[in-house]
Structures are given as C-alpha cells and as structure tokens.
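The next block holds one structure in the form of structure tokens; read it before the comments.
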Amino acid sequence: MAAPHSRYRLVPMRPRNPHEPGRSASNLELFFDLVFVVAVSIASVQLHHELTEGHIFEGVLTYAFVFFGIWWAWVNFTWFATSFDTGDWLYRLMTIVQMGGVLVLASGIEPVFSDHDFALVVLSYVLMRFALVGQWLRAARAASDTRRSALTYATGVTLVQILWLTSLLLPADALPVVFLILVAAELTVPVVAERRGGTPWHPHHLAERHGLFALILLGESLLASANAIIEALREADSLGPLIMISALTLIVTAGLWWIYFWAPHHHTIDGFSKTFLYGYGHYFIFAAAGAFSAGIEVEIDVLTGHSELHPPGASFAYTVPIAVFMLGVWLLVIRPVANGVINAVVPAGALLVLIDPIIPVPTALTAVFLIAVVVVLVWQEPKVEPAAGSGDRDRHADGGIAAP
C-alpha cells in the first residue's frame, strides 16, 4: 500500500477502500492458507478413522467442532485482512503468530478424536484469537471511522476467549453444551461489532479468498483419489473397483468445482444480511468439502475390507457431504442469479446424490448426477446485474460506512 511509514516503519492501519481496483489475495494470505492445508488434512483423516470404525455420530460431532475452530480462525483473519491489511512487518509478524496457532491446533486434533482431550486445541485457538485482538486494537488506534467497531471486536473476542479458557476447568460432561454456547458467542461478536459502525469489505477480494479456501478443501478429495490408485496397486483383488473410485472421485470433485464457481460470488457480498449469510453459510460448504475426502477414504476401506461399515450404508459417508455442498452453494450463490431451470436442477441433483446409496451402482450414479447438473449449468447463464447500492447500508469509496 502506498502510505507513509512511521519511525517504526509501520503503516497506519486505516480502513482500506472497499472499491479498490485490482484487489487480490496477497502473498501473505496465500502463505497463511498453507497451514490450513495441514489442519484440514488432519481433521479429515481423523473423521475417516471414526467413520471406518463405525463411530458415526460421535465422529461427525467432533469433526464439526474441530472444523469450526479451523474455519473461524481462517474467516476472521480473512475478513480483517480485507478491511485493514497493511502488509508491514508488524502485521506480518502477528499473522505468523496466528499461523503458529493453527499448526499447534492441528497437532491437537488427534487427541480430541481419540481421548476427548480439548486442551491443546482450545489453547492454540485462544492464542490465534488473542493475536487478532492485537490487530483490532491497532486498527482502533489508527482509524477514527471504524474505532467503535474495532474496539467492540477486541472487547468481544477477548471476553469469549476468557470463557474458552474457563471451559477447560469444567467437567467433561458439560463441555458439549458449553462449547455450543461459546460458538454462538463467537458468531455473535461480529454481528454486534458491525452494527456499531462496521468495517469496509471488498467483495471481489472476499470472493477470491473464499474460492481459494474451497480449492484447498477440494484438493483433499483429489488426494483421496490418488490414495485409491495407491491402494489399487497393493490390492490386486480390488483393482477394478478402486480404479473406478479414483476416476469417479476426480469427476465428482471437478463437478463440485464447476458448481461452486458457476456464478460470481462478489454479488452476494452486498449489504449486512446477505454478507453475513454468505460468510457464515460457508461453514457448511467448507465442512462438507473436507468431509467428502473422508467419505471417499471410507469407501476405499470398505472395498479393501478394512472398515466396520458395509455398503450401501457406507456410501452415505460421501454422498451426504456432496449433497450438503451442492445445497449450500445453491442457496448462497446460485439461487439469487439463476433461472427456474437451474433452481430446479441443482437441488434435485443434490437430492438424487443424497439417496444414491439405496440405488444400484451408487458411485457411478453420483458421478452421472453431477455431470448432468454441470451440463445444464454449461447451457445456462447466471442473471448477474451490476451491484446496486449495498442493501442494508452504503459503503463509501474511502472505506468509511454510512449508517442508514
């Protein structure tokens, strides 16, 4: 950013222009995403183990909690960066601290699944959140227009982190309910803070960042496809089915990629309500994408005789995530800009994928359903119009926000 430096070579952390031309993900943001590849991969592997051993309910709930910590750390950094990224040495240092927290969190995922030991995950999560509090305090000091909102973020996040630390002292039986309350508190802080003045969001930048994270998660599915080939080379008796699983995983992953990027996302990031729906709704899209690769690994275990699950029920391990992903993208991004045909085909395709395990040849049909949806998308165009206003409130070119 072209801004004057202080004597400490720091750039004043003022709100960035939400209409800044050519805004794209920085090298630091791409570097930041790398640590989430590790965390997502470990969470997916642990979910795979739980499902393979038949611990379906417990495994899914634990995965949902762990993935919330991963996703919430990523999304908070991303939304802060779109408003206040300075790129100076202190901003980079605080970001690297958050990266360290993600790596520690990743190392604590296995104890959560195996022993219900949340201590390391919670402590590393709190470390990341306090690093972000420091960023919010810096933003509050430098920016007058968003000071009230920034201080609300800093105060709210701090209070919730104290509660997270306190939760470690409670009996294990109380943790599920306490964690749900604390998750709700985390989700409430941005809503309250944005209502108290708000911060500037750059729609194109946010759309790109969410798309990049979606690619990371879909990449886990490609890894599962490669694992199927590796297993095929070891299991001669299952060579044909494993090669088919590998090919069809690639087809399905490509179909999910096509669906996700069919409509431009930046039109959805417009106004308070729609923007929060877009951001929060992506939890289900991202969690489903991560779970899809675990489901494929479960199917590989079934084919090689290493799973407590059996077909056709085991196939739900990957058809449910596919259906959730499709429905999530349809509701958040596709539905507002699609015609009646698309708005019928995409949810219908998700429903068919969901019930695929009770239909003969389930894996092949899942791929066929995805191909059919993509074919319809190819022959249709999203009804995208120039963004008008901002819905709930207007955002000035200088990064400030005018309350209604």
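Excluded from the calculations below are hydrogen atoms, water molecules and symmetry mates; all remaining heavy atoms, backbone and side chain alike, are included. From a predicted model like this one, the values you see are computed outputs, not experimental measurements.
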**Request:** Would you kindly say whether T319 and D356 are connected by a side-chain donor-acceptor distance under 3.5 Å?
**Result:** no
**Request:** Please determine which of S41, S221, S44 meets the side-chain hydrogen bond (donor to acceptor under 3.5 Å, both in side chains) test together with S293.
**Result:** S44
**Prompt:** What is the ring orientation for F118 with F179, classed by angle as parallel under 30°, tilted 30 to 60°, or perpendicular over 60°?
**Reply:** perpendicular
**Complete:** For I251 and A367 the tightest heavy-atom approach is CG2-CB, 4.1 Å
**Request:** Over all heavy atoms of both residues, which pair between L47 and G59 is shortest? Give the atoms and the distance, please.
**Result:** CD1-O, 3.7 Å
**Asked** If we only count heavy atoms from C-beta on, is the E299 to T249 side-chain gap below 4.5 Å?
**Response** no
**Request:** Take V97 and F130 through the side-chain contact (heavy atoms from CB on, under 4.5 Å) test and state the conclusion after the steps.
**Result:** CA-CA 10 Å; V97 170; F130 275 132; over 6 Å; no
**Message:** Using modelled atom types and a 3.5 Å cut-off, is there a donor and acceptor pairing between side-chain atoms of N339 and backbone atoms of I342?
**Reply:** yes
**Item:** Full working for side-chain contact (heavy atoms from CB on, under 4.5 Å) between W257 and L215
**Value:** CA-CA 8 Å; W257 167 82; L215 291 175; 3.6 Å; yes
**Message:** For W258, I'd like to know if atom CH2 has over 12 heavy atoms of other residues, nucleotides or ligands within 6.0 Å.
**Reply:** no
**Asked** Okay, side chain of Y63, backbone of E58: is any donor-acceptor separation there less than 3.5 Å?
**Response** no
**Item:** CZ/F284: more than 12 non-hydrogen atoms of other groups inside 6.0 Å
**Value:** no
**Q161 and Y125, any side-chain heavy atoms less than 4.5 Å apart** = yes
**Fill in**
Closest non-hydrogen atoms of R9 and W89, given as atom of the first, atom of the second and distance, are O-CD1, 3.4 Å
**Request:** Among W72, W71, Y260, F213, find the one that has a ring pair (Phe, Tyr, Trp, His ring centres under 6.0 Å) with H282.
**Result:** Y260
**Request:** Check for a donor-acceptor pair, side chain of R147 on one end and backbone N or O of A140 on the other, with a separation under 3.5 Å.
**Result:** yes
**Asked** Between atom CD of Q98 and atom OG of S124, what is the distance when rounded to the nearest 0.5 Å?
**Response** 12.5 Å
**Request:** Would you mind checking if R14 and D145 are paired as a salt bridge, meaning a charged N to carboxylate O distance below 4.0 Å?
**Result:** no
**Prompt:** Atom CZ of R129 and atom CH2 of W136: how far apart are they, to the nearest 0.5 Å?
**Reply:** 10.0 Å
**Prompt:** Just how far is it from atom CG of L206 to atom OG1 of T275, taken to the nearest 0.5 Å?
**Reply:** 8.0 Å
**Message:** Set out, in order, the CA-CA distance, both residues' side-chain angles and the distance that settles side-chain hydrogen bond (donor to acceptor under 3.5 Å, both in side chains) for T199 and E194, then state yes or no.
**Reply:** CA-CA 7 Å; T199 55; E194 293 297 330; 2.7 Å; yes
**Prompt:** Should the pair R23-E208 be classified as a salt bridge under the 4.0 Å nitrogen-to-oxygen rule?
**Reply:** no
**Item:** H210 and W74 aromatic centres sub-6.0 Å
**Value:** yes
**Item:** Side-chain heavy-atom pair M326, V373 within 4.5 angstrom cut-off
**Value:** yes
**Asked** Do R196 and T152 get their side chains close enough for a donor-acceptor pair, meaning under 3.5 Å?
**Response** yes
**I296 CD1 to L223 CG distance, which is reported to the nearest 0.5 Å** = 12.0 Å
**Prompt:** If we only count heavy atoms from C-beta on, is the F84 to Y91 side-chain gap below 4.5 Å?
**Reply:** no
**Minimum-distance pair of heavy atoms, taken over all atoms of A81 and E29** = CB-OE2, 3.5 Å
**Prompt:** Should L352 and T366 be marked as a side-chain contact (heavy atoms from CB on, under 4.5 Å) after you check the CA-CA gap, both sets of side-chain angles, and the distance that decides it?
**Reply:** CA-CA 8 Å; L352 290 173; T366 294; over 6 Å; no
**Message:** If I take atom CE from residue M94 and atom CG from residue L90, how far apart are they, to the nearest 0.5 angstrom?
**Reply:** 6.5 Å
**Prompt:** Any luck finding a side-chain donor-acceptor pair between Q380 and W262 under 3.5 Å?
**Reply:** no
**Asked** Hey, are the side chains of F325 and F292 touching, using non-hydrogen atoms and a 4.5 Å cut-off?
**Response** no
**Message:** Any non-hydrogen side-chain atom of T146 less than 4.5 Å from a side-chain atom of P200?
**Reply:** yes
**Test item: M128 and L105 side chains (from C-beta on) under 4.5 Å apart, heavy atoms** = yes
**Request:** Using ring pair (Phe, Tyr, Trp, His ring centres under 6.0 Å) as the criterion, point out the one residue from H19, H204, H202 that pairs with H266.
**Result:** H204
**Message:** Nearest 0.5 angstrom please: T86 OG1 to L10 CG, how far?
**Reply:** 7.5 Å
**Message:** For the backbone of L187 and the side chain of Y280, can you confirm whether one donor and one acceptor N or O come within less than 3.5 Å of each other?
**Reply:** yes
**Prompt:** For P111, does its backbone N or O pair with a side-chain atom of D117 as donor and acceptor, under 3.5 Å?
**Reply:** no
**Prompt:** Between V160 and L182, what is the shortest heavy-atom contact and its length?
**Reply:** CG1-O, 4.2 Å
**Request:** Output yes when R138 and D88 qualify as a salt bridge under the 4.0 Å nitrogen-oxygen rule, no when they do not.
**Result:** yes
**Request:** Compare all side-chain heavy atoms of D85 with those of S26 and state whether any distance is below 4.5 angstrom.
**Result:** yes
**Asked** Taking the six-membered ring for Trp, are the ring centroids of F77 and F32 within less than 6.0 Å of each other?
**Response** yes
**Request:** Test E297 against Y318 for side-chain contact (heavy atoms from CB on, under 4.5 Å), laying out the working first.
**Result:** CA-CA 9 Å; E297 296 285 0; Y318 66 86; over 6 Å; no
**Mutual orientation of the aromatic rings belonging to H265 and Y278 [parallel < 30°, tilted 30-60°, perpendicular > 60°]** = perpendicular
**Request:** Indicate, with yes or no, if the rings of F113 and H49 have centres closer together than 6.0 Å.
**Result:** no
**Complete:** When every non-hydrogen atom of T82 is compared with those of H205, the smallest separation belongs to OG1-ND1, 2.9 Å
